[in-house]
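Right, one structure below, let's go through it.
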Amino acid sequence: MSKISKSFKYDAYMRGRKKECRNKCIFCFIDQNPRNCVRETLYFKDDDERLSFLYGNYITLTNLDGAQIDKIIKMRISPVNISVHTTNPDLRVKIMGNERAGEVLDYIKKLAENNISINAQIVLCRNINDGDELKRTLEDLCGYYPSLQSIAVVPAGLTKYREENNLYKLEPFNKRDCEKIIEIADRYGGENLDKYNSRLIYCSDEFYLKAGKEIPDAEYYEDYPQYENGVGLMRSFSDDYYNYDKDCRLAKRKIVSVVTGEAAYDLIKTLADDLNKRFENLDCRVYEIKNDFFGEEITVAGLITGRDIIEQLTPHKKNLGDELLIPAVMLRHERDLFLDNARVEDIENALGVRVVIVENNAGDFIEKVIRHG
């Protein structure tokens, strides 16, 4: 589709009203937010096919009817990113809390039959849609190849506010659960590789970390089709770091600190230690921020709040050095606000250190660590 056509669609979207999600998914992260404590926009649930087209958001199809599916096919809008979760109609109704959730699965078949490319997402809930249900879902979805381009298998994020918000009782996956999920994905992925020359199915990095398994190599992820879903992020970042060949020099002594979440800590610490060895004038210190705000089950850097950074680094404020590096993924697009409405300048004022925002790539990480000024 041309830039002109996409721009036209964007203008049409801006003149319209965002479509709010009609589902009540048992794992919905927005429902797990504390009341009135995070950015206002984070309480809005979208399920808008226009946002999917423009920005790659995932939709459930329950906001669409047959005429709208026909329009997508007629206009050749592709790919369509779909939150599937399960291909069992009754189970999908249960998981999504919407009576239409099962019947709209037929839309996937219609899109596939009309050669509309599909990326699928499966958010797994322990003892709900894993195990045999996951096998069924993978078998059904892979049957839509070649329209089916990729499948991301990700765990439901569980915050500490579930009980007080009176939400469906869900349990976190344990190590053995994660091992089994990876085994299932690899089994079907291996079959796809033989049949289609593409794995199609990828587990998010979280499953590997919790299973205590090494993240697969770059070849496993092919073209990283589910990168935005947290699939292969750590492998890509690590490989980009070691393949970075720009000549970098550090003329004078520098002490710099980096913050990250629990999930990425070991990787970032390893890379920082490598930089310390390469540059004798460098002292790069990495601080792991635990997610006290959302709870211990939330370990990704993107959900770290400003208040957690302030509280956990206050005891270390005299040792933070010249700069404090914060990954851009912790901030909104404008690079100014954390999830809890804390501002970058709040961090600087509380900790007495200059904050530097690091974009989500290894090259920027290296350059921001060693640069001066």
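No donor-acceptor pair closer than 3.5 Å links the side chain of N349 to the backbone N or O of D346. A donor-acceptor pair under 3.5 Å is formed between the side chain of R235 and the backbone N or O of I215. Using a distance-only test at 3.5 Å, with no hydrogens or angles considered, a donor-acceptor pair links the side chain of D205 to the main chain of L233. For the pair D308 (side chain) and N291 (backbone), a donor-acceptor distance under 3.5 Å is absent. Side-chain atoms of Y107 come within 3.5 Å of backbone atoms of G66 as a donor-acceptor pair (strictly under, hydrogens ignored). Proximity of a side-chain donor or acceptor of E139 to a complementary backbone N or O of R136 within less than 3.5 Å is not detected. Formation of a donor-acceptor pair under 3.5 Å by the S236 side chain with backbone atoms of G232 is not found in this model. Using modelled atom types, no side-chain atom of S257 and backbone atom of L324 make a donor-acceptor pair closer than 3.5 Å. In this structure, S117 contributes its side chain and P79 its backbone to no donor-acceptor pair below 3.5 Å. Without hydrogens or angle criteria, E297 side chain to E171 main chain gives no donor-acceptor distance under 3.5 Å.
Nearest heavy atom pair, residue G306 against residue A342, reads CA-CB, 3.8 Å. Residues Y208 and E214 come closest through the heavy atom pair CD2-O, 3.7 Å. Here the closest non-hydrogen pair linking P172 and L158 is N-CD1, 3.6 Å. Residues A272 and V286 approach most closely at CB-CG2, 3.5 Å, considering heavy atoms. The two residues L141 and A120 come nearest to each other via the heavy atoms CD1-CB, 4.0 Å. Taking all atoms of both residues into account, the shortest heavy-atom contact from E262 to I298 is OE2-O, 4.5 Å.
Here C203 contributes atom SG and Q226 contributes atom CD; the two are 11.0 Å apart, rounded to the nearest 0.5 Å. For the atom pair OG1 of T137 and CD1 of I201, the computed distance is 10.5 Å after rounding to the nearest 0.5 Å. Here CZ of F293 is found 13.0 Å from CZ of F338. Values are rounded to the nearest 0.5 Å. Atom CG of L325 and atom CG of L320 lie 11.5 Å apart (nearest 0.5 Å). Atoms CD1 and NZ, from I26 and K169 in turn, are 13.0 Å apart once rounded to the nearest 0.5 Å. Rounding to the nearest 0.5 angstrom, the gap separating the CG atom in D130 from the CD1 atom in I122 is 11.0 Å.
Salt bridge present: D274 and R278 bring a charged side-chain N and a carboxylate O closer than 4.0 Å. Salt-bridge formation is detected for the pair D31/K24: a Lys NZ or Arg NE/NH1/NH2 atom is positioned less than 4.0 Å from an Asp or Glu carboxylate oxygen. The pair K290-E296 fails the salt-bridge criterion, with no side-chain N (NZ, NE, NH1 or NH2) lying under 4.0 Å from an Asp/Glu carboxylate O. Using a 4.0 Å cut-off between charged side-chain N and carboxylate O, E367 and K246 make a salt bridge. K254 and E323 are joined by a salt bridge, as a carboxylate oxygen and a charged side-chain nitrogen come within less than 4.0 angstrom of each other. For the pair K110 and D106, the salt-bridge criterion is not met [side-chain N within less than 4.0 Å of a carboxylate O]. With salt bridges taken as basic N to acidic carboxylate O contacts below 4.0 Å, one links D273 and K269.
The neighbour count for N197 CG, taken as heavy atoms of other residues, nucleotides or ligands under 6.0 Å away, does not exceed 12. Residue E163 places its CD atom among 12 or fewer non-hydrogen atoms of other residues, nucleotides or ligands, all under 6.0 Å distant. With a 6.0 Å radius and a threshold of 12 heavy atoms from other residues, nucleotides or ligands, D223 has its CG atom at or below the threshold. Under a cut-off of 6.0 angstrom, the local environment of CD in E228 is sparse, with at most 12 non-hydrogen atoms contributed by other residues, nucleotides or ligands. Annotation for E345: atom CD counts as buried by contact number, over 12 foreign heavy atoms lying within 6.0 Å.
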Please list every donor-acceptor pair under 3.5 Å in which a side-chain atom of residues 177-184 meets a protein atom from a residue at least two apart or in another chain.
unit_1: D177; atom_1: OD2; unit_2: R126; atom_2: NE; d: 2.4
unit_1: D177; atom_1: OD2; unit_2: R126; atom_2: NH2; d: 3.3
unit_1: D177; atom_1: OD2; unit_2: N174; atom_2: N; d: 2.9
unit_1: D177; atom_1: OD2; unit_2: N174; atom_2: ND2; d: 3.4
unit_1: E179; atom_1: OE1; unit_2: R176; atom_2: NH1; d: 3.1
unit_1: E179; atom_1: OE2; unit_2: K175; atom_2: NZ; d: 2.6
unit_1: E183; atom_1: OE2; unit_2: R176; atom_2: NH1; d: 3.4

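In this structure the side chain of R199 reaches within 4.5 angstrom of the side chain of E222, judged on heavy atoms. Proximity of L275 to Y241: side-chain heavy atoms (C-beta onward) are separated by under 4.5 Å at one or more points. In this structure, L209 and M234 have side chains that are in contact, with non-hydrogen atoms separated by less than 4.5 Å. Using a 4.5 Å cut-off on side-chain heavy atoms (C-beta onward), L303 and M330 make no contact. Inter-residue side-chain proximity for T60 and R22 is flagged as unmet; no heavy-atom pair is nearer than 4.5 Å. At a threshold of 4.5 Å between non-hydrogen side-chain atoms, the residues N119 and I82 do not count as touching. By the 4.5 Å heavy-atom criterion applied to side chains, F279 and C248 are counted as neighbours. When side chains are defined from C-beta on, Q149 does not count as touching I118, because their heavy atoms never get closer than 4.5 Å.
Here the options are N23, T86, N129, T87, the test is side chain to side chain contact (heavy atoms under 4.5 Å, CB included), and the partner is R92; only T86 passes.
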| query | For L91 and E133, what are the C-alpha separation, side-chain angles and deciding distance, and is it a side-chain contact (heavy atoms from CB on, under 4.5 Å)? | reply | CA-CA 9 Å; L91 182 58; E133 290 292 347; 3.7 Å; yes

| field | Working for ring pair (Phe, Tyr, Trp, His ring centres under 6.0 Å), residues F29 and F294 | value | CA-CA 10 Å; F29 197 88; F294 284 114; 5.5 Å; yes

| task | Apply the test side-chain contact (heavy atoms from CB on, under 4.5 Å) to residues I309 and I304: give CA-CA distance (whole Å), side-chain angles for both, the deciding distance (0.1 Å), then the verdict. | result | CA-CA 8 Å; I309 293 174; I304 294 295; 3.8 Å; yes

| task | Starting from the C-alpha separation in whole Å, work towards a yes-or-no answer on salt bridge (charged side-chain N to carboxylate O under 4.0 Å, His left out) for D340 and R307. | result | CA-CA 8 Å; D340 59 346; R307 69 184 66 180; 3.1 Å; yes

| Step by step, would you call F27 with Y168 a ring pair (Phe, Tyr, Trp, His ring centres under 6.0 Å)? | CA-CA 8 Å; F27 57 80; Y168 190 98; over 10 Å; no

| said: One pair to check against side-chain contact (heavy atoms from CB on, under 4.5 Å): I326 and V356. What are the steps and the verdict? | reply: CA-CA 6 Å; I326 292 179; V356 174; over 6 Å; no

| Derivation of the side-chain contact (heavy atoms from CB on, under 4.5 Å) call for N229 and Y202 | CA-CA 10 Å; N229 236 328; Y202 311 90; over 6 Å; no

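The aromatic rings of Y221 and Y224 lie parallel to each other, their planes meeting at an angle below 30°, with 60° marking the opposite boundary. A tilted orientation is assigned to the rings of H316 and Y287, their planes being inclined by 30° to 60°.
Side-chain contact of Y220 with D186: a donor-acceptor pair under 3.5 Å is present, judged by distance alone. Of the N and O atoms on the side chains of D292 and Q312, at least one donor lies less than 3.5 Å from an acceptor on the other residue.
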